[in-house]
Amino acid sequence: MNLIVDVGNTYIKLAVFSELTLVEKIVVTEEDLIVKLNDIKSKYDVISHAIISSVNNFLESGLKFLKENYSVLVLDHNTKIPFKNLYSTPKTLGIDRIALVAASVNLYKDKNVLVIDAGTCVTFDFINDKNEYLGGAISPGIRMRYKALHNQTAKLPLLETEVPQFLIGDSTSNSIHSGVINGIVKEIDGVIQEYSEKYTDLTIILTGGDTYFLSKQLKSSIFANSNFLLEGLNFILYNNINE
């Protein structure tokens with residue numbers, strides 16, 4: 001069994017896999033990390049390997065615990081990956097994007113796949129049916145758009161995310177909701193359409209923190225999978241263990 005540790009800006013995701021099957025997922029704060037790691041060790045004493053992403057933001061005590069109990073792979077740009085990376089600046093490619101592409105290779109082998117990760121930013125990552133990662137795009141996420149309108153102007157309020165009731169906003173708040181949500185939905189649908197016109201048999205994956213919210217708004221046919229990043233990290237670990 002494998003332990004996956006995905007370190008985010010606010011929370012840490014812990015996931016237990018039995019080979020390629022997700023068994024359990026836990027979201028924790030830094031304060032609860034060691035307690036939860038101990039709980040996992042007690043519950044799954046057969047775990048032998050672990051992988052960590054974003055180790056620069058990881059607690060030293062957490063890293064120490066993992067290295068004392070498991071064979072640990074720290075994901076970086078030197079880690080063996082299951083696809084050909086054609087990104088022109090591979091050392092600047094975020095390891096979260098690497099993991100997402102790895103997940104697509106595992107689940108949709110030899111297919112054209114567009115992975116859309118809707119979180120702090122919206123990232124688009126494309127791998128073709130020749131197992132070649134070509135790159136993609138990075139765009140502001142939903143909350144970043146709301147915050148930018150508030151922070152970069154004198155009077156616009158900071159609003160909570162809300163589905164706009166109308167295309168034409170009849171108040172400042174409604175206009176902001178219309179601009180942010182309709183804007184990001186039209187952007188994603190437009191990107192999907194362009195990829196679909198260029199690549200046949202395109203598979204589209206939507207993942208990230210805003211998966212559920214956006215999946216209800218998009219017109220395009222997509223597969224929503226909130227665990228895609230964790231599955232990709234596990235697939236990278238699985239391949240490195242079994243190489």
Side-chain angles (χ1 to χ4, degrees), residues 2 4 6-8 13 15 17 19-22 51-54 73-141 184-185 187-211 214-215 218-243:
N2 298 330
I4 313 305
D6 175 33
V7 184
K13 292 180 182 178
F17 280 80
E19 294 193 344
L20 297 176
T21 301
L22 177 63
I51 185 172
I52 310 172
S53 69
S54 299
L73 174 64
V74 178
L75 179 60
D76 60 24
H77 297 95
N78 296 313
T79 303
K80 179 183 176 183
I81 53 177
F83 57 88
K84 186 175 182 180
N85 188 357
L86 299 183
Y87 208 57
S88 64
T89 55
K91 291 185 178 180
T92 70
L93 180 62
I95 56 176
D96 53 342
R97 297 175 71 187
I98 292 173
L100 292 170
V101 176
S104 71
V105 171
N106 176 36
L107 294 175
Y108 304 98
K109 185 178 180 180
D110 300 326
K111 293 184 179 295
N112 294 315
V113 182
L114 177 64
V115 183
I116 305 167
D117 184 12
T120 303
C121 293
V122 177
T123 58
F124 300 85
D125 290 291
F126 178 75
I127 184 165
N128 66 21
D129 55 10
K130 299 180 180 64
N131 205 39
E132 298 170 331
Y133 172 69
L134 303 185
I138 304 172
S139 180
I184 198 168
V185 167
E187 174 188 318
I188 294 173
D189 273 329
V191 170
I192 291 172
Q193 182 178 346
E194 287 201 40
Y195 273 89
S196 298
E197 290 172 355
K198 187 170 184 178
Y199 298 96
T200 59
D201 301 322
L202 181 68
T203 299
I204 303 145
I205 308 298
L206 178 65
T207 189
D210 289 323
T211 298
L214 285 174
S215 64
L218 294 171
K219 293 188 301 183
S220 303
S221 177
I222 60 172
F223 294 100
N225 184 342
S226 60
N227 296 320
F228 211 62
L229 177 61
L230 296 173
E231 292 173 358
L233 290 170
N234 180 66
F235 189 58
I236 291 172
L237 178 59
Y238 180 85
N239 273 271
N240 277 268
I241 293 171
N242 296 285
E243 64 178 346

I'd like to know whether [atom1] of [X] has more than 12 heavy-atom contacts from other residues, nucleotides or ligands below 6.0 angstrom.
X    : atom1 : answer
E194 : CD    : no
F223 : CZ    : no
D201 : CG    : no

Heavy-atom closest contact ([X] atom, [Y] atom, distance):
X    : Y    : answer
A99  : L233 : CB-CD2, 3.7 Å
A224 : S215 : CB-CB, 4.5 Å
A15  : L22  : CB-CD1, 3.8 Å
D210 : G119 : OD2-O, 4.0 Å
L93  : H77  : O-NE2, 2.6 Å
Y87  : P90  : O-CD, 3.3 Å

Check your understanding: Is it the case that N227 and E231 place a side-chain donor and acceptor less than 3.5 Å from each other?
Key ->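 The criterion, which ignores hydrogens and geometry beyond distance, is not satisfied for E231 and N227.
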To the nearest 0.5 Å, tell me how far [X] [atom1] sits from [Y] [atom2].
X    : Y    : atom1 : atom2 : answer
S53  : D76  : OG    : CG    : 11.5 Å
T211 : N225 : OG1   : CG    : 8.0 Å
K111 : L202 : NZ    : CG    : 11.0 Å
S196 : D189 : OG    : CG    : 10.0 Å
F235 : F17  : CZ    : CZ    : 12.0 Å
I51  : L75  : CD1   : CG    : 5.0 Å

Check your understanding: Mind checking whether Y199 and F126 have ring centres under 6.0 Å apart?
Key ->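 Yes.
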Exercise for review: Scan I204, I192, I188 and name whichever one has a side-chain contact (heavy atoms from CB on, under 4.5 Å) with F124.
Suggested key: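 Only one option passes, and that is I188.
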Practice item. Determine, stepwise, if the pair N131 / V105 fulfils side-chain contact (heavy atoms from CB on, under 4.5 Å). Key: CA-CA 7 Å; N131 205 39; V105 171; 3.5 Å; yes
Review point. Between the main-chain N or O of K80 and the side-chain N or O of N240, is there a donor-acceptor pair closer than 3.5 Å?
Key: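 Between the backbone of K80 and the side chain of N240 there is a qualifying donor-acceptor contact (under 3.5 Å).
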Check your understanding: Counting N and O atoms only, with roles assigned by atom type, does the side chain of D129 sit under 3.5 Å from a partner on the main chain of N112, one being a donor and the other an acceptor?
Key ->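 Checking the backbone N and O of N112 against the side chain of D129, no donor-acceptor pair under 3.5 Å is found.
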Check your understanding: So which of N239, N2, T21 actually passes side-chain hydrogen bond (donor to acceptor under 3.5 Å, both in side chains) with N234?
Key ->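 Testing each of N239, N2, T21 against N234, the sole residue satisfying side-chain hydrogen bond (donor to acceptor under 3.5 Å, both in side chains) is N2.
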Practice item. Please list, chain by chain and in numerical order, all residues satisfying side chain to side chain donor-acceptor pair (under 3.5 Å) with T89, sequence neighbours excluded. Key: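 T89 satisfies side chain to side chain donor-acceptor pair (under 3.5 Å) with T92 only.
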Exercise for review: Report the C-alpha distance between T207 and L229 in whole Å, list the side-chain angles of each, state the deciding distance to 0.1 Å, and finish with yes or no for side-chain contact (heavy atoms from CB on, under 4.5 Å).
Suggested key: CA-CA 8 Å; T207 189; L229 177 61; 5.5 Å; no
Exercise for review: Would you sort out whether F228 and D117 count as a side-chain contact (heavy atoms from CB on, under 4.5 Å), showing the intermediate values?
Suggested key: CA-CA 9 Å; F228 211 62; D117 184 12; over 6 Å; no
